[in-house]
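Note sheet for the following structure.
Atom set for the values below is all heavy atoms of this structure, side chains included, hydrogens, waters and symmetry mates excluded. All values reported here derive from a predicted model rather than from experimental measurement.
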Amino acid sequence: MASPFFQFQQFSVRQRDSAMKIGTDGVLLGAWCEVDGQAKKVLDIGTGTGLIALMLAQRFDQISIDAIELDQAAAAEASFNFSQSPWSKRLSCTAVSLQNFRENSLVIYDHIVCNPPFYQGTYSIEKKERDQARNHAFLPLNELFSGIDQLLSSKGSCSIILPIEYKEMACQEAEKYQLYLKRFTAVKGNDYAPFKRALLSYSRQSCSCESTELILERQRHQRTQAHQALVEEFYLPRP
């Protein structure tokens, strides 16, 4: 059973009620995505425990972050985690789907971040809340990018993480809204493993793409230098 709390260097995350617990994907995205120095408003879509929003609040002290979460229990937990953090005044969470949020929001965001559900709609999990958190049918990529387009400022950017086999699909959807891939990092577990994740950042501004690779471990439980450098401001030192 997962611990009800996950302790980071500057904040703690309660993960008792959220269907999706702390995982590598969320930490990678929170540490990897870049928010422009002029940005003020950030949206975290499908915040879960609030992990990514908390990481961005730690990294960028000029931004305020609105988080949205479909699941009521997870949204309440994210709100609790925000309230216990050093950045509580810059963080808020609302229990709402992206589809409903976009219909009513009057706010335009400078950056949007999302660790979306990525299993296709044919995949089913017994627990409803976990199914919603992980099942592509609850937030298809076309709806995600349509929502991003509506909510993103004219000079804004967005960052997501996906299984690498969805990269081309994501880029095709982004192109429909003139969102241009500006950063791409392919992620794999070790030297001998296939690439499994794609960290993707898109911009409203036409640009060339910076492509890199990230290997997570040299051997079991030993991070590579690049991985350690990425996350060293967050994880507690290993004993």
Side-chain angles (χ1 to χ4, degrees), residues 1-33 35 39-107 109-118 125-135 138-139 144 147 151 158-161 231-237:
M1 180 180 295
S3 168
F5 284 90
F6 195 108
Q7 185 65 49
F8 291 89
Q9 290 183 35
Q10 296 190 38
F11 60 91
S12 180
V13 174
R14 192 181 74 187
Q15 52 179 350
R16 182 189 66 195
D17 302 323
S18 178
M20 294 304 294
K21 311 307 179 187
I22 300 298
T24 301
D25 285 4
V27 175
L28 287 176
L29 182 57
W32 178 87
C33 80
V35 176
K40 299 297 183 184
K41 292 291 293 182
V42 173
L43 176 66
D44 178 12
I45 298 171
T47 195
T49 61
L51 168 65
I52 294 171
L54 287 160
M55 294 177 72
L56 295 183
Q58 176 181 325
R59 293 179 60 205
F60 305 103
D61 58 12
Q62 84 279 11
I63 63 173
S64 62
I65 305 166
D66 294 336
I68 59 173
E69 169 56 49
L70 175 64
D71 181 64
Q72 293 275 350
E77 190 147 70
S79 294
F80 171 82
N81 290 329
F82 293 167
S83 72
Q84 301 301 302
S85 78
W87 316 288
S88 58
K89 293 181 179 180
R90 296 194 282 120
L91 293 159
S92 67
C93 182
T94 303
V96 64
S97 68
L98 172 61
Q99 293 87 340
N100 288 334
F101 181 77
R102 63 183 287 190
E103 290 182 4
N104 300 296
S105 177
L106 300 177
V107 180
Y109 294 91
D110 303 304
H111 193 89
I112 297 176
V113 64
C114 182
N115 177 10
F118 53 74
I125 305 172
E126 289 184 2
K127 188 175 180 183
K128 175 186 174 184
E129 292 81 5
R130 187 171 173 85
D131 197 21
Q132 289 180 353
R134 300 187 70 177
N135 196 321
F138 287 94
L139 185 56
L144 173 61
L151 295 164
C158 63
S159 300
I160 64 175
I161 185 169
V231 301
E232 64 184 356
E233 294 182 3
F234 300 102
Y235 285 128
L236 294 172

So how far is it from [X] [atom1] to [Y] [atom2], rounded to the nearest 0.5 Å?
{"X": "Phe5", "Y": "Arg16", "atom1": "CZ", "atom2": "CZ", "answer": "7.5 Å"}
{"X": "Leu144", "Y": "Ile112", "atom1": "CG", "atom2": "CD1", "answer": "8.5 Å"}
{"X": "Ile68", "Y": "Ile45", "atom1": "CD1", "atom2": "CD1", "answer": "5.0 Å"}
{"X": "His111", "Y": "Lys40", "atom1": "NE2", "atom2": "NZ", "answer": "16.0 Å"}

Check whether any side-chain N or O of [X] sits under 3.5 Å from a backbone N or O of [Y] as a donor-acceptor pair, and report yes or no.
{"X": "Glu69", "Y": "Ala74", "answer": "no"}
{"X": "Lys21", "Y": "Gln15", "answer": "yes"}
{"X": "Gln9", "Y": "Leu236", "answer": "no"}

For the residue pair [X] and [Y], what are the closest heavy atoms and their distance?
{"X": "Gly48", "Y": "Ala78", "result": "O-CB, 3.4 Å"}
{"X": "Asn100", "Y": "Val96", "result": "CB-CG2, 3.6 Å"}
{"X": "Leu91", "Y": "Ser85", "result": "CD1-OG, 3.7 Å"}

Under 3.5 Å, side-chain donor or acceptor atoms of residues 51-63 against the rest of the protein: list the pairs with distances, not counting sequence neighbours.
residue : atom : partner : partner atom : Å
Gln58   : NE2  : Glu233  : O            : 3.1
Arg59   : NH1  : Gly30   : O            : 2.9
Arg59   : NH1  : Ala31   : O            : 3.2
Arg59   : NH1  : Cys33   : O            : 2.6
Arg59   : NH2  : Cys33   : O            : 3.2
Arg59   : NH2  : Glu34   : OE2          : 3.1
Gln62   : NE2  : Asp36   : O            : 3.2

Does some side-chain heavy atom of [Y] sit less than 4.5 Å from a side-chain heavy atom of [X]?
{"X": "Cys158", "Y": "Val113", "result": "no"}
{"X": "Cys114", "Y": "Asp44", "result": "no"}
{"X": "Ser105", "Y": "Leu151", "result": "yes"}
{"X": "Asp71", "Y": "Ser18", "result": "no"}
{"X": "Leu29", "Y": "Ser159", "result": "yes"}
{"X": "Ser12", "Y": "Phe6", "result": "no"}
{"X": "Val42", "Y": "Asp110", "result": "no"}

Report task. Could you pull out all residues at least two apart from Arg102 that satisfy side chain to side chain donor-acceptor pair (under 3.5 Å)? Result ->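 Checked Arg102 against side chain to side chain donor-acceptor pair (under 3.5 Å); matches are Ser146, Gln150.
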Query raised in the report: With Asp66, which residues qualify under side chain to side chain donor-acceptor pair (under 3.5 Å), at least two apart?
Result: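 Asp66: side chain to side chain donor-acceptor pair (under 3.5 Å) contacts with Lys41, Ser92, Tyr109.
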Requested in this report: Using ring pair (Phe, Tyr, Trp, His ring centres under 6.0 Å) as the criterion, list what pairs up with Phe101, not counting sequence neighbours.
Outcome: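 With neighbours one apart ignored, the set is empty.
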Query raised in the report: Quick one: ring pair (Phe, Tyr, Trp, His ring centres under 6.0 Å) partners of Phe11, sequence neighbours excluded?
Result: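 Result, ring pair (Phe, Tyr, Trp, His ring centres under 6.0 Å) vs Phe11: Phe8, Trp87.
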Query raised in the report: Above 12 or not: heavy atoms from other molecules or residues under 6.0 Å from CD of Gln7?
Result: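 Correct, the count exceeds 12.
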Query - Verdict with supporting geometry, Ile22 and Val13, side-chain contact (heavy atoms from CB on, under 4.5 Å) - result: CA-CA 8 Å; Ile22 300 298; Val13 174; 3.6 Å; yes
Requested in this report: Please list all pairs passing the salt bridge (Lys or Arg N to Asp or Glu O under 4.0 Å) test where one or both residues lie in residues 73-86, with sequence neighbours left out.
Outcome: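 Counting only pairs at least two positions apart or across chains, the salt bridge (Lys or Arg N to Asp or Glu O under 4.0 Å) contacts touching residues 73-86 are Arg14-Glu77.
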